[in-house]
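Any value given below was found using the heavy atoms of this structure, including those in side chains, with hydrogens, waters and symmetry copies removed.
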Number of protein chains: 2
Amino acid sequence: MATMPPAKRPSLIDVAREAGVSIATVSRVLNEQGPVRPETRALVLKTIARLHYTPDLQARALAGRDSNTIGMIISNIENPFFVDVYRSLEQEAHRLGREVLVANTGYDPERLAASVRIMLGRRVTGIAAIISEMEPSLLKELVQSGVPVVMYDVGGAGRNIVNVRVDYAAGMRETVELLYGMGHRHFAFVGHHTALSPLSVRWQAFTTAMEQLGSPVRHQVVTNADSLDGGYRAAHQLLDAGNRPTAIVCINDLMATGVLRGLRDRGIDVPGDISVTGFDNVPMSQYLAPQLTTVDVPRAEIGRIAAERLIQPKRARGQISDEILITPKLIVRESTGPAA
Amino acid sequence: MATMPPAKRPSLIDVAREAGVSIATVSRVLNEQGPVRPETRALVLKTIARLHYTPDLQARALAGRDSNTIGMIISNIENPFFVDVYRSLEQEAHRLGREVLVANTGYDPERLAASVRIMLGRRVTGIAAIISEMEPSLLKELVQSGVPVVMYDVGGAGRNIVNVRVDYAAGMRETVELLYGMGHRHFAFVGHHTALSPLSVRWQAFTTAMEQLGSPVRHQVVTNADSLDGGYRAAHQLLDAGNRPTAIVCINDLMATGVLRGLRDRGIDVPGDISVTGFDNVPMSQYLAPQLTTVDVPRAEIGRIAAERLIQPKRARGQISDEILITPKLIVRESTGPAA
DNA sequence: TTGAAAGCGCTACCAC
DNA sequence: GTGGTAGCGCTTTCAA
């Protein structure tokens, strides 16, 4: 028994040959472009079906048409926040007839660089960078590529860059003031590694808000991985360090969820003994016990805006950069209460 | 001031011209293949950097080398279960030098069909279908495409298909027996729409387990969207319907989380009044209060196996199909207790 | 060690 | 209406 040849996938040529027409005609029916006699059309369609022909998108993109795809890079798909932005961006992209190529970096700078190369290599028509950090050199590469880019959290300037910013300062101020008003004077901030950076907008927003409160207020900081477990460990570290705070402000809901669990393990009541706040208002935050006090960041809006800007970048010439500011909103739930 | 031309991206030709060598040479240094004089190599590299050249992956794939990409289709990225499988598959793929192309169908059959077309169109070297349903015609198309496929939950046979199955029957039996042993006689099953299908392995596993318990045991069913909110609404429906069960078995942790919240809203104590179980053992299940009794499905293993099978499909000839069975394990936590 | 040239599968333009 | 054909950017023989 002879070994079968690798059974190459059928191409336009195969379809054309089988149908007895030219490849140009097949292409026409495929793209519903230009005139084709109904009968010819039907024949071609039948042949395509018979051969299980699937157009090669790479070749199609190569031959002039663009890739019809926008890329999205996120730093932690484990965090529901990013997933929500992704879903909204994808929905909008599909509505506008585009596909989405996702890449998850896991906060790894190398993966980020690789992801950018892949996106550029696949000739995406735009890139949404929903990440927490970006090396200047990479950013420069992105600017020079000329591809439309929407950035979130990390800034950047260039005629092809649009920045989406959340007014963290406002959100953090509301949070801190709520707590302060409830009598809290000893705060702790729980963040993840990337948040150490002076570039971290959330961290900066927190310190600024604290400074505005004045001198009698103290705070300490714990950093860990951006995960449920990271928050969990942070809570234990905080308690082990002694000098217990009465309010714990977390960089996001994911970590706050871990903190809540860590405190419960140690028999600490929330908000009776300690108050806890998150940030983002991910769906999960409502399903916890106690429900999390947090700051709502409109993820759906962010994804939608990113898709829009990427797909219809009809921007005025000469404009250096663009900035979109989003205002978050404090949502008070059960995890905060008067200082013990 | 003249309008700038669209500033096409530099190609191999541009690099070759600038460096004064042939495109073949540039290609060689790019792929670290064949002999190239160190000085030539250095020159080319410098030129590439200067021009910010990024190879066109589509063209590369077209010209013979494969796309170096495996595709993954999931049905609900909102469910952490799928995200975990994705992360593990991606990690393994990267370890083996491959990229991953993800598609989320949101349980939409049309999106599923579109996703398959896109994967095939991009000439992925394999597809992991981690979904809950698949139309027979689509499945057939997949088989005929000849692309290696790994399927989870939904079956399929073909020389290019590998099935990963979880022994839901075992997991459900353990769950139901735990509850029965605690005195429960009135069960409710909470599933999502897809679970209505007689093809749904989880639903079948539940009914089978119930039958084995004998006649004095009753059960009712509620279906809703596969989401936190879906579970939440299911709980309310269950309570409104009267004839309250003492144990609620949920199709997965996502819905169980919603159920927990719904019960709490109605002042019902878990597990004091009603016991609740989930399935999957997603990270979140440990962070709830009460912590969820659930069945652990090794997601990381599933992702790893999928990647392996897809990337090294050195399978024996003539083998009709392949099947991998994974045995889940019950994890008893706080959400289950003696019948009221 | 390097270059020339033949495709890969497709679109788009120009003839007929 | 339909066919021929020139690329798109790259890899890969085959010669030089």
Whole-Å distance between dT2(C) C1' and Arg41(B) CZ? 16 Å
Any Arg37(A) side-chain N or O less than 4.0 Å from OP1/OP2 of dT2(D): yes
Any donor-acceptor pair under 3.5 Å joining the side chain of Arg28(B) to the base of dG3(C)? yes
Closest-nucleotide ordering on DNA chain C, the 5'-leading residue of Val36(B) and Arg123(B): Val36(B)
Return yes if a side-chain donor-acceptor contact under 3.5 Å exists between Thr40(A) and Arg28(A), otherwise no. no
Report the distance from atom CG of Leu12(B) to atom P of dT11(D), rounded to the nearest whole Å. 6 Å
According to a strict under-4.0 Å criterion, is Thr25(B) in side-chain N/O contact with OP1 or OP2 of dT2(C)? no
Start with the C-alpha distance between Arg60(A) and Leu30(A), add both sets of side-chain angles, then the distance that settles side-chain contact (heavy atoms from CB on, under 4.5 Å), and finish with yes or no. CA-CA 11 Å; Arg60(A) 176 175 289 181; Leu30(A) 228 40; 4.1 Å; yes
Phosphate oxygens OP1/OP2 of dT2(C): is one of them under 4.0 Å from a side-chain N or O of Ser22(B)? no
Considering heavy-atom distances to DNA chain D, does Ile23(A) or Pro38(A) have its closest nucleotide positioned more toward the 5' end? Pro38(A)
Does a nitrogen or oxygen in the side chain of Thr40(A) sit under 4.0 Å from OP1 or OP2 of dT2(D)? yes
Does Glu308(A) pair with Arg98(A) as a salt bridge, N-O distance under 4.0 Å? no
Is Arg309(B) salt-bridged to Asp322(B), going by a charged N under 4.0 Å from an acidic O? yes
Can you check the Gln58(B) CD to dG7(D) P distance for me, whole Å? 21 Å
Given atom CD of Gln33(A) and atom P of dG1(D), what is their separation to the nearest angstrom? 16 Å
Expressed in angstrom and rounded to an integer, what is the separation of Arg122(A) atom CZ from dG9(D) atom P? 17 Å
Taking atom P of dC10(D) as reference, at what distance in whole Å does atom CZ of Arg60(B) sit? 8 Å
Regarding Arg87(A) and Glu90(A), does a basic nitrogen lie under 4.0 Å from an acidic carboxylate oxygen? no
Assign Ser27(B) to base, sugar-phosphate, or nothing according to its heavy-atom contacts below 4.0 angstrom with the strands shown. base
Starting at CG of Leu51(A) and ending at P of dG9(C), how long is that distance when rounded to a whole Å? 13 Å
Could you state the CG-P distance from Asp14(A) to dC10(C), rounded to the nearest angstrom? 9 Å
